[in-house]
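Below: one structure, written as structure tokens.
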2 protein chains.
Amino acid sequence: MVTQSEENYLKAIYHLVKQGSSVVSTNAIAKKIHTKASSVTDMLKKLADKELVDYKKYQGVCLTKKGKIIAANVIRKHRLWEVFLVEKLKFSWDEVHDIAEQLEHIKSEKLINEIDAFLEFPSHDPHGDPIPDRHGNIVKNNSVNLLEIKIGDEGVLAHVKDSSDIFLKYLNKNNLALGYKIKVIDIEPFDSSIKIEVKAKQIVISKNVAKNLFINI
Amino acid sequence: MVTQSEENYLKAIYHLVKQGSSVVSTNAIAKKIHTKASSVTDMLKKLADKELVDYKKYQGVCLTKKGKIIAANVIRKHRLWEVFLVEKLKFSWDEVHDIAEQLEHIKSEKLINEIDAFLEFPSHDPHGDPIPDRHGNIVKNNSVNLLEIKIGDEGVLAHVKDSSDIFLKYLNKNNLALGYKIKVIDIEPFDSSIKIEVKAKQIVISKNVAKNLFINI
DNA sequence: ATAGTTTTTTAGTCTTCCCTAAAAAAATAT
DNA sequence: ATATTTTTTTAGGGAAGACTAAAAAACTAT
Ligand SMILES: [Mn+2]
Ligand SMILES: [Mn+2]
Ligand SMILES: [Mn+2]
Ligand SMILES: [Mn+2]
């Protein structure tokens with residue numbers, strides 16, 4: 001049996017590996033799940049005993065095949081529940097993350113597969129993140145970050161990296177939603193802020209915002 | 001904050017009070033949630049500190065107003081999730097209890113109220129148990145037990161007391177489902193077994209089965 | 001009323017998951 | 001290369017929630 005806490009650690013490691021190096025540091029995990037490095041070390045030993053992570057003292061950690069499957073399954077549940085909340089219960093995309101953090105730990109294969117079918121097998125969650133299939137396979141997003149494109153380029157907003165309600169509320173306020181066409185009008189060299197056009201209106205977004213937006217060209 | 005374990009104790013006390021005396025014994029709780037009496041005593045002290053139960057040593061325990069509201073809310077969630085699983089995800093009534101045991105602990109007022117609306121405010125769960133409203137109010141079932149009626153009486157199966165999958169599978173096998181009309185054909189004085197007619201077929205059910213079936217006359 | 005039985009509580013432990021403080025190892029700077 | 005800083009691990013401990021065994025209280029039966 002994998003506990004809720006273990007699932008959270010596996011998920012954190014999965015996400016950290018995905019967006020960085022092949023091995024994850026104790027401190028990075030501690031920061032990610034708001035705990036202390038010593039707690040992380042404790043847990044890594046336990047996960048290593050269960051052969052869910054490869055861990056050698058001072059060397060960082062990564063998931064085993066078994067650990068990766070469990071993590072992907074938790075992420076699958078998280079994202080499917082988010083779709084359910086938005087599509088069926090009329091939640092807004094900035095309200096779903098915390099509830100999904102709870103629902104992702106419900107244990108029932110049948111339940112999550114029925115939810116999947118009920119939602120007609122969605123490919124992405126409300127934030128544009130791909131949903132792993134029941135074997136843990138996940139499609140790669142080939143959307144590009146707004147910081148990496150040049151003036152005149154345009155595309156459709158496909159993915160937001162930060163799913164915090166504060167960031168999503170900012171997007172709501174500025175009329176930015178998945179599926180909207182975005183055109184880069186100007187890039188300010190001084191602070192990398194970007195002027196974009198969305199729905200016939202022009203707005204300026206900071207580098208910090210742009211870094212979290214991804215479009216399909 | 002009320003923990004998952006505390007919620008389970010409150011729910012157990014709620015159910016035991018409902019079907020018996022005004023005060024519940026340590027042993028009864030222990031049996032109900034498959035734990036030991038000493039664990040129950042520990043927990044009762046904690047719940048008393050939080051003013052969720054009235055507890056005096058050796059005197060049994062009952063819920064305070066606060067405790068009753070929390071318990072009713074957990075039961076509300078349990079039953080609404082059961083309806084969701086059966087009505088929306090095509091689960092059978094014998095598959096939902098264990099999953100609802102997990103889902104009943106998800107914390108989000110909005111979530112459960114949206115589920116309620118999504119299901120169009122059901123009054124009863126798949127086993128005929130009434131669903132408390134958001135304030136903890138619950139309608140009384142006025143269905144009568146099959147053991148309490150006489151030959152020739154008839155009514156509609158409205159409620160099953162035992163929700164275990166083994167009992168529900170027995171009912172499936174014998175073509176007994178909520179809403180079906182039942183007529184008492186004969187009562188055997190020796191063992192209180194009852195011959196009933198359902199859907200134009202006659203079957204004999206034991207006293208043990210009859211004790212768990214309730215009909216609206 | 002007293003002895004025996006059952007129920008309940010207490011005392012002491014265990015596991016999980018978290019923490020702080022100190023020690024050890026690794027990385028960085030001079 | 002050595003000193004300093006940062007990261008990681010170890011040591012020790014706390015709260016929650018379970019357990020066993022023993023003591024205490026409450027019932028039951030004669
Ligand atoms: Mn999320
Ligand atoms: Mn998401
Ligand atoms: Mn149930
Ligand atoms: Mn039920």
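Predicted model only: the values in this text are computed from it and were never measured. Throughout, protein chains are lettered first and strands after them, A, B, ... in sequence-line order, and every chain is numbered starting at 1.
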Could you state the atom-to-atom distance from [atom1] of [X] to [atom2] of [N] in whole Å?
| X | N | atom1 | atom2 | answer |
| --- | --- | --- | --- | --- |
| A:D49 | C:dT15 | CG | P | 14 Å |
| B:L44 | D:dA18 | CG | P | 12 Å |
| A:Q59 | C:dA27 | CD | P | 8 Å |
| A:Y58 | C:dA27 | OH | P | 11 Å |
| A:M43 | C:dT15 | CE | C1' | 12 Å |
| A:N27 | D:dT6 | CG | P | 12 Å |
| B:M1 | D:dA15 | CE | C1' | 13 Å |
| A:K50 | C:dT15 | NZ | C1' | 12 Å |

Can you check whether [X] has a side-chain N or O nearer than 4.0 Å to OP1 or OP2 of [N]?
| X | N | answer |
| --- | --- | --- |
| A:Y55 | D:dT9 | yes |
| B:T41 | C:dT9 | yes |
| A:K57 | D:dT10 | yes |

Only one of B:V61, B:V53, B:I33 passes side chain to side chain contact (heavy atoms under 4.5 Å, CB included) with B:Y9, and that residue is B:I33
Consider side chain to side chain contact (heavy atoms under 4.5 Å, CB included). Of B:L16, B:I70, B:V74, which one does B:K11 pass it with?
B:V74
Hey, can you pull the residues of residues 4-23 of chain A with a non-hydrogen atom under 4.0 angstrom from DNA chain C?
A:S5, A:Y9
Stretch residues 30-38 of chain A: residues that reach within less than 4.0 Å of DNA chain C through a heavy atom
A:T35, A:K36, A:S38
Describe the nucleic acid contact of B:T26 in one word from base, sugar-phosphate, nothing, applying a heavy-atom distance below 4.0 Å.
sugar-phosphate
Kindly indicate whether the side chain of [X], heavy atoms from C-beta on, has any atom under 4.5 Å from the side chain of [Y].
| X | Y | answer |
| --- | --- | --- |
| B:N113 | B:F118 | no |
| A:I131 | A:F121 | no |
| B:D165 | B:D98 | no |

A:F84 and A:W81 aromatic ring geometry - parallel, tilted or perpendicular at 30°/60° bounds:
perpendicular
So salt bridge (Lys or Arg N to Asp or Glu O under 4.0 Å) across residues 108-122 of chain B, not counting sequence neighbours, yields A:E95-B:K110, B:R76-B:D116
Do the ring centers of B:H159 and B:H124 come within less than 6.0 Å of each other?
no
Please confirm whether the ring centroid of A:H127 lies under 6.0 Å from the ring centroid of A:H97.
no
